[in-house]
Every structure is written in structure tokens, then in C-alpha cells.
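Because only heavy atoms are used, hydrogens play no part in the values below, and waters and symmetry mates are left out as well, while side chains stay in.
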Amino acid sequence: MGSGAVLRVWACAAGAVLAGVVVLVVALRFGGGIVETEIAGLPSAGPFTDWGLPVARFCVNLCAVGCLGTLLAAAVLAPATSPESAGCTRAAGWWALGWAASAAMSYLLTVSSIIPMPLADLLAFRELLSFGASSPQAQAMLLVLALATVLVPLTLLPRVPGWVRLATAAFAILPPSYVGHAASSGDHDLAVSALLSHVLAVSIWVGGLAAVLVHFRRSGDLALVLARFSTIALCCFAAVAVSGLAGAWARLNTPADLYQSRYGQLLLAKVAVLAVLGWFGWTHRRRTVARAQERSVRHTFARLAAGEVVVMTAAMGLAAALSRTPPPVSAGGHGDQALGYDLAPFTLGALFTEVRPDPAVLLLLALPAIGYLLGVRRLASWPTSRTLAWYAGLALIAFVLVGGADGYARAMPSVQAVQHVVLSVVAPVLLCLGAPVTLVSRATTATSQYGNVGERLLAWRGTHPALLLAACTLPGLLLYGTAWLPWSLSAHGPHLLTGLLFLLTGLLTFWVAAGVDPLPRPFPPAARGWLLAVVTVVQLALGAALLLGPPVAAGWYVVAAPAGAPGLLDGQRLAGAVFVLLPLPPIALLAVRLWRPGRNTAGRVAGRYTVAGR
């Protein structure tokens with residue numbers, strides 16, 4: 001890279017940071033995020049902390065976005081043979097170092113703001129630092145500091161898989177989202193989920209574009225990298241819009257708050273910025289993505305991307321100011337004290353009429369729904385029965401995770417049993433009957449945008465019999481045999497993680513048991529029959545334990561139960577009946593398929609399938 005190009009890169013970076021800082025300062029003054037008038041007789045952290053804390057948070061966000069974006073470029077966007085991949089990893093190490101430093105400064109200023117005490121005085125009384133660490137805001141920043149510090153050596157170790165670095169960076173971005181305005185919203189779960197989705201989508205979008213602009217604008221792989229990023233950016237744009245709408249819905253009391261409150265007016269400014277970024281994306285797809293190999297088009301891409309990064313950085317400054325701006329005061333409290341949201345009296349109809357549109361779940365379900373449809377469109381023919389099975393499985397997951405079942409699952413053992421059985425047995429059976437691995441193997445090749453995805457899936461050696469046995473037995477036994485159940489009910493995050501674990505272990509189990517898709521290792525019909533028998537015994541054992549055993553998580557269910565719910569013991573007996581009866585139809589369906597002549601084809605391994613199965 002010539003000296004002129006280096007100067008242009010630095011000038012663009014400086015302009016972007018300056019734009020972000022200017023917007024941050026203006027938005028803080030406009031939204032009331034900084035109170036400069038001190039009240040006589042009350043302690044104050046001083047102007048350095050008042051102004052330094054939002055600037056430090058802005059630096060934390062900036063470094064986090066840069067680190068995540070360069071790691072995304074190295075692990076996902078760049079081809080395996082790209083020479084720029086190593087440069088992205090090295091750059092991520094420097095970003096992680098800056099991330100850790102700004103997180104440390106943000107921690108000090110957070111403690112200074114909470115106590116409150118000027119930073120110079122705080123450093124003179126170091127025992128107060130540990131006192132300040134008891135606050136959620138400071139704890140979140142300490143976790144960010146630890147994870148960012150871990151990322152530095154991870155970028156220096158060549159044998160660390162790219163997905164490990166990427167996952168660590170993505171997780172490190174999330175902790176502050178749990179302790180902002182979302183944590184005190186009227187619907188805590190919806191607000192936190194919306195903010196987590198929003199922050200992660202924005203970070204991938206902004207960081208990915210910056211990485212492409214800095215590291216690939218002169219690369220011979222620009223066309224492929226830009227095509228890959230364009231797809232990701234479109235998904236991120238949709239995720240940002242959906243999660244932003246959900247977050248506004250949770251924080252604003254009425255639509256009038258959008259223009260009557262300073263918080264709402266700043267939200268409208270973010271909507272306008274999103275519209276501008278949408279125009280940038282549309283222009284990229286129309287003018288640069290398809291013709292990135294042409295020299296003139298590369299210059300056009302660089303100019304557009306530089307302007308887009310400046311706008312994005314300004315939006316980050318606006319977001320940092322918005323996090324310090326008090327939202328409109330809610331007139332309705334904070335919902336049920338145990339659940340964190342209001343729950344209508346229970347009826348069977350409420351399971352279908354009540355809706356909890358968790359944006360994180362909806363966005364995660366949208367990816368396989370759209371991906372499957374795109375795969376089917378690539379093929380000349382595909383069985384309709386498989387398509388129906390796939391979308392029926394996704395619909396059931398949506399029903400138990402964003403419908404009324406999710407709202408009542410944390411308050412009633414019988415509804416929670418329905419949720420877990422659907423996630424661990426019914427939905428995985430339907431999804432596996434949709435043959436997604438076969439579809440992706442036929443729809444992608446080595447020259448596809450993301451390579452041959454099917455071959456990479458079949459190269460995974462995760463179908464060892466011991467792992468399968470653990471997958472179909474341990475989750476349920478741990479949930480009801482340890483303290484895991486009260487923990488999973490205590491908050492939305494543990495509840496979703498538990499459901500995700502049940503879903504993933506169910507998918508692994510029935511990928512082998514269904515016998516539709518090819519496998520990395522051969523499984524004869526007898527082995528798959530034994531696997532189905534183990535799953536059946538586990539479900540019956542869980543049902544018997546709930547039918548005959550003492551109450552589980554009684555303290556929680558007594559407090560959280562809605563009006564109209566069955567009594568504690570009656571609800572647990574219903575949960576036991578669900579575990580006994582609901583898994584039987586899908587398991588019986590697989591058993592019939594297993595022993596039907598001509599259906600025992602799952603013993604073929606990946607190598608034979610890729611040669612002769614297409």
C-alpha cells in the first residue's frame with residue numbers, strides 16, 4: 001500500500017471518529033444525558049467523569065466493532081487461501097488491545113460515576129474500586145475487559161480456529177446490554193432481547209464493512225468477499241430494523257413519545273440514519289457488488305464505503321448518547337415481579353392468542369426459513385413433503401418460543417414440559433425429515449458463494465455413539481435432577497439457553513435416528529433403533545418422575561403461577577403426562593420409517609454420498 005493510500009485510510013478513519021464524537025456530544029446535550037448543574041451539598045463525580053464516561057463507552061464500542069469485523073473477515077468473508085486473512089487476524093489483536101484499554105478506563109469512570117467521586121480521588125482510595133465493582137454496570141465492564149484481554153493472545157495463536165475468536169468477540173460485546181435501559185424496561189425480556197440482537201447485528205454490519213474497506217479494497221478476492229458481505233449486510237439491516245422496532249416498543253409508552261420526548265426524537269434520528277444506510281446498501285448492490293473486479297468500480301466502492309463508514313460511526317455516537325438519555329417514564333410499573341412481564345390469566349386459548357415476539361428468536365428462525373427456501377429454488381426438483389416438514393418444525397419452534405407457550409412456560413410446569421418436548425423431540429424430528437443436509441449438499445458446490453457447505457457439515461465428526469447417548473439423556477436428567485430447573489426459570493436468558501440446548505441435542509439425536517440425511521459415519525438400522533429406544537425410555541422416565549415424584553421448583557411456581565393455572569401438584573402431573581404422551585407419535589413415525597423396506601439408507605457416509613448421491 002502506497003503512502004498516499006495510507007494517508008487516505010487514516011484520513012477516512014479520523015473523519016469517521018470525529019463525526020462520531022461530534023454527534024455524541026450534540027446528542028448528549030440534546031437528550032439530557034449530561035447534567036452539568038451540581039446540587040449544593042450532594043457529592044459529584046465532576047465534569048471529567050460526566051463527559052469522559054460516554055466518550056469511553058464510545059471507544060469501547062468502536063474497538064469492539066473493529067475487532068469483531070476483522071475477525072468476521074478472517075473467518076467468514078475471506079477465502080481460505082486469501083493472504084489478507086492473516087492480516088485481518090493481526091489487526092483484530094490490535095483492536096482487542098484497544099478494546100481492553102478502553103474497557104478498563106470505562107470501568108474506572110463507571111465506578112467514579114456510581115459512588116460518585118472524582119476519578120483522581122477514587123484512585124487515591126483504591127479500596128473503593130472493589131466497592132464499585134458490586135454494581136451491575138461495573139461488573140459488565142469487568143467481564144468485557146476480561147474477554148477482550150483473552151482475545152489478544154487468541155489472535156496470536158495460529159492454531160486457534162477462527163470461529164473461536166469470532167464467538168469470543170461476539171460474546172464480549174453483549175454484557176453491557178444487560179444493564180442499560182433495557183434492564184429497567186416494563187418488559188425486561190423483550191427489551192433485553194431486542195438490544196442484544198440490535199447490538200450484535202450493528203457490530204457485524206459496521207465492523208464487516210470497515211474490514212472489507214481497509215483490508216480488501218485492493219485484493220484480488222474483493223469480488224467474492226464483497227458478495228459474501230453483501231448478503232450478511234442485508235441480513236444485518238433487517239435485524240437492526242426489527243430489533244430496533246421491538247426495542248422502541250418496549251421502552252416507549254405511546255407512539256406520541258416518539259416526538260414528544262427527547263429519547264423518542266433521538267430514536268427518530270436513528271431511523272433516519274438507518275434509511276441513509278439502506279440507500280448506501282442499495283447503491284452498493286446496484287453498482288459495485290456484481291462488478292467489483294473492474295478498476296473503476298473498485299474506486300466507486302471505496303468512496304461509497306468510506307462515506308458509509310462515516311455515517312455508521314456517527315450512528316454509533318448517537319447510540320452511545322441514547323444509552324445515557326433517560327427514556328420516557330413508564331406509568332405501568334415493571335410487570336410481574338418474578339417474571340419481569342405481565343401474564344394474562346391462563347386459558348387454553350391464551351396459548352394461541354398471547355404473543356411474545358422475541359426479536360432474537362424471530363431473527364434466528366428467519367435464517368433457516370429463508371435459507372431453506374433459497375436452497376429449494378436452486379434445485380430443479382425437491383420433494384414437497386420435505387419442505388412441509390421443515391417449515392412445520394420451524395412453526396412449532398416459533399409457537400413454543402414466541403407464542404403464548406413461551407410466556408406461560410416459566411410460570412407453569414405443564415406448559416414448560418410442552419415447550420421442552422417440542423424442542424427436544426417433535427420439532428427436531430420434523431426438521432430432520434426436511435433433509436436440510438441433503439438440500440445444502442445439492443444446492444452448494446465448491447464454486448458457490450460460501451463454498452460447499454454440505455461437505456463441511458459432513459466433515460464434522462460429532463456423531464460418536466457416546467456423544468449421541470449423552471445428547472439424548474443428560475439434558476432432561478440434569479434439568480429435573482439438579483438445581484438447573486430453578487436457574488432456568490429465574491430469567492429469560494437461562495430460559496432461552498436451556499431451550500436452545502434441548503433443541504441442539506434433539507437435532508443431533510434425530511439427525512442420526514431419522515435416516516434421511518447422509519452421516520459422517522455409518523449407522524445400521526439396529527443402532528438407530530436402539531437410539532430411538534433410549535430416547536423413548538428417557539422421556540418415559542422423566543414423565544414418571546413428574547407423575548410420581550415430589551414437587552419440583554415449588555417455591556418458584558407458587559410465586560409465578562398466573563390466575564387460572566392448575567394447582568402445583570396437578571400442574572406437575574400434567575407435565576408428566578406430556579412427557580409420556582407427546583413424544584410417542586413422532587418416535588413411532590420414525591420407527592415405522594426405520595423398518596419399512598427401502599428406507600434404511602442412512603448408513604451411507606459422506607464420501608459415498610458426495611460421489612453418487614447427487
Please check this pair: side chain of [X] against backbone of [Y], looking for a donor-acceptor N/O pair closer than 3.5 Å.
X	Y	value
S113	T110	no
Y107	L145	no
T498	P494	yes
D517	V437	yes
R165	L154	yes
Q572	P550	yes
R573	L547	yes
S106	S102	no
S112	L108	no

Practice item. Check whether more than 12 heavy atoms from other residues, nucleotides or ligands sit under 6.0 Å from atom CH2 of W530, and answer yes or no. Key: no
Review point. Just wondering, more than 12 heavy atoms not from L348 lying within 6.0 Å of its CG?
Key: no
For residues [X] and [Y], determine if any side-chain heavy atom of one lies less than 4.5 Å from a side-chain heavy atom of the other.
X	Y	value
L479	H420	yes
V111	Q137	no
P562	P345	no
F510	V535	yes
V240	H198	yes
D406	H495	yes
V425	T509	no
L531	C472	yes

Exercise for review: Anything under 30° is parallel, anything over 60° is perpendicular, the rest tilted; go ahead and classify W390 against Y372.
Suggested key: parallel
How far apart are the closest heavy atoms of [X] and [Y], and which atoms are they?
X	Y	result
L62	W95	O-CZ3, 4.0 Å
L507	C432	O-SG, 3.8 Å
A554	P551	CB-CB, 4.0 Å
A513	L532	CB-CD2, 3.8 Å
W556	L489	CZ2-O, 3.0 Å
A103	M141	O-CG, 3.3 Å

Hey, are [Y] and [X] close enough side-chain-wise for a donor-acceptor pair under 3.5 Å?
X	Y	result
Y557	Q416	yes
S490	R410	no
S243	S197	no

Review point. Can you name the side-chain contact (heavy atoms from CB on, under 4.5 Å) partners of L365, sequence neighbours left out?
Key: V361, L394, I397, A398
**Study point:** Contacts of type side-chain contact (heavy atoms from CB on, under 4.5 Å), residue L469, not counting sequence neighbours
**Key:** T473, V534
**Study point:** Approximate separation, where rounding is to 0.5 Å, of T49 OG1 and M117 CE
**Key:** 11.0 Å
Exercise for review: Quick one: pull up SG in C67 and CD1 in I173 and give me the separation to the nearest 0.5 Å.
Suggested key: 8.0 Å
Check your understanding: Does the pair L423 and L501 meet the rule for a side-chain contact (heavy atoms from CB on, under 4.5 Å), with working shown?
Key -> CA-CA 9 Å; L423 291 176; L501 176 65; over 6 Å; no
Point to revise | Residues F237, V242; criterion side-chain contact (heavy atoms from CB on, under 4.5 Å); working and verdict | key: CA-CA 9 Å; F237 177 83; V242 171; over 6 Å; no
